[in-house]
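Only heavy atoms go into these numbers, but all of them, side chains included; no hydrogens, no water, no symmetry mates. Sequence lines set the chain letters: A, B, ... in the order given, protein chains first and strands last, and positions in each chain run from 1.
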2 protein chains.
Amino acid sequence: MAQPIRLRQVSPLKASCHQCSLSNLCLPLAIEENELDRLEDIVQQGRIFNRGEHIFDQSTPFRSCFAVKSGAIKTSIISENGEEQVTGFFMPGELVGLDSMGSKNYACTAKALERTSVCEFPIDKLEELTGKLPDLQHHMYHLMSQEIQGSHQLAMLLSKNTAEERIAALLLSLSSRFQRRRMSGTNFSLPMARNDIANFLGLAVETVSRVFTRFQNQGIISARGREVELLDVEALQTVTREFARQNA
Amino acid sequence: MAQPIRLRQVSPLKASCHQCSLSNLCLPLAIEENELDRLEDIVQQGRIFNRGEHIFDQSTPFRSCFAVKSGAIKTSIISENGEEQVTGFFMPGELVGLDSMGSKNYACTAKALERTSVCEFPIDKLEELTGKLPDLQHHMYHLMSQEIQGSHQLAMLLSKNTAEERIAALLLSLSSRFQRRRMSGTNFSLPMARNDIANFLGLAVETVSRVFTRFQNQGIISARGREVELLDVEALQTVTREFARQNA
DNA sequence: GTACGGTCTTGATATGAATCAATAGCGGAT
DNA sequence: ATCCGCTATTGATTCATATCAAGACCGTAC
């Protein structure tokens, strides 16, 4: 009996890190031009997710890390009780899934905040490659430690700062991440809902809303829905350091 | 002119991971018996710090990770304004410094909470070795991701849980870490001061104190200074899930 | 032993943000 | 174009925890 004919799966487009505009932010930044091919060999490129779709789910087998090509992703953990905690927002050039490295299952859920395309790095191949390319391994360590540090900063923000300080810090963080991509650091559109901001920063939605309007009244920002303009970056920086002053 | 005689520095005792009672918790757990020698080759063992001494300082060049052999360590970050945030407590068998991997400088300060001995893993040698031993590399990824996850859990605790829930969670965490070392999980002595607990959990010292006495009055724990006895572990677990119930 | 500095506890009060409640705005579906 | 549901804003009230203040405890040094 004939085997059912299986059309050869069109292999995912081979990635072209060489030509990617994000190569100076993403994994390629760690390695030499001539070794880039080896990274390209393991990358699967071009998967696209619509807003709201899950890139992966907590407690399902960990298979890959993902680099954001365009769009934005939020990650969150769900505790036993079903309570959600947003653990991070990921913008183009950033790597999602590091918190699951070395684990059997994903430690969090990743969800597209808007139409988002990603590059996929299968973890077994990535580990193999980092074993061969010391620079890449070093960079992975670096990225992971960055994530630890970022998380510690967040903890600090949550435990020591007021609502205004937290939101100012988030706006500045987003601003600098837009700037890294040569986009306006003062005029951008928030990829996430107020709700996500609130959850991430450990606040109630209402509080986020109030702080936005307060900032607006002070002329520090101008916001209409998700469109934000930072009118006075210095003032925002002052807000994040306000705490410092009072305790100096 | 004669060079001043330099006595040959007594080389730090070569580590004996083979015989270390913590080898099932520490890095050795990741690798085969026959490769253990290679780890031993790079480890420097036996440095001892008195209570209050710094193992390393934030913003100084990152040279090594440290495994706690005995005693306990707290890590903290100091923000520009001088505000301290305790980021973690490290017990025997645990690895300190992962948040600095791949960085030039230490991302935090590590301080001995009591008389503490450590094993030192020079980072260049460690990276070299993880490049050669895939299992060890995998384990490093695992440990680092664990730290990210732990930090996310902490963020969740800080942003969503009451003072009682946070403290219950800490007590249970310590309990299970003592148990891993075959020590009593119900009867132990806190390595850290109330102040450190408060800082770590984003609370005021007074609040920590009050919660301890409240737990004591409820017969959940018995505490006298740093000596703690968990009288009703179930109740503690219930406290940490209390939040769940109300929102179920 | 006594004195001292730091850690810890306890009480009274103040406050920032949560919660509750209602309305407004906006986008997608029909 | 209209309706509906979801997201966001705004106001009134409540509450957990910080802050302020005072005293107790405990180990260490003299």
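- Taking only side-chain nitrogens and oxygens, A:Arg210 never comes nearer than 4.0 Å to OP1 or OP2 of D:dT10.
- In this structure, A:Asn195 atom CG and D:dT7 atom C1' are separated by 8 Å, rounded to whole Å.
- Side-chain N/O atoms of A:Thr162 include none lying less than 4.0 angstrom from OP1 or OP2 on C:dG16.
- Look at CG on B:Leu190: it is 15 Å from P on C:dT7, rounded to the nearest Å.
- Residue contacts for B:Ala204: at a heavy-atom cut-off of 4.0 Å it reaches a base atom on one of the strands shown.
- The CD1-C1' distance, from A:Ile167 to D:dA8, rounds to 13 Å in whole Å.
- Residues B:Gly225 and B:Arg194 come closest through the heavy atom pair O-NH2, 2.7 Å.
- Looking only at atom types and distance, the side chain of B:Arg177 has a donor-acceptor partner in the side chain of B:Ser173 under 3.5 Å away.
- In terms of position along DNA chain C, the nucleotide closest to B:Glu206 lies nearer the 5' end than the nucleotide closest to the other residue of the pair B:Glu206 and A:Arg166.
- Rounded to whole Å, atom C1' of C:dT10 lies 14 Å from atom CD of B:Gln216.
- Distance, A:Phe212 CZ to D:dT10 P: 12 Å, rounded to whole Å.
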(request) Please assess B:Asp196 against B:Leu113 for the test side-chain contact (heavy atoms from CB on, under 4.5 Å), listing each intermediate value before the final yes or no. (result) CA-CA 10 Å; B:Asp196 295 325; B:Leu113 288 168; 3.7 Å; yes
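- Looking at the side chain of A:Ser209, the nearest of the listed nucleotides D:dT7, C:dG11, D:dT9 is D:dT9.
- The CD1 atom of A:Ile197 sits 11 Å away from the C1' atom of D:dA8 (whole-angstrom rounding).
- Across A:Cys65 and A:Met101, no two heavy atoms sit closer than the pair SG-SD, 3.8 Å.
- Closest to the side chain of B:Thr213, out of D:dT10, D:dT17, C:dT10, is C:dT10.
- For the pair A:Arg224 CZ and C:dG27 P, the computed distance is 11 Å after rounding to whole Å.
- Atom P of nucleotide D:dA8 and atom CG of A:Asn199 are separated by 13 Å, given to the nearest angstrom.
- Considering only side-chain atoms of B:Thr207, the nucleotide from C:dA17, C:dC8, D:dA18 that sits closest is D:dA18.
- Of all non-hydrogen atoms in B:Leu171 and B:Phe188, the two that sit nearest each other are O-CZ, 4.0 Å.
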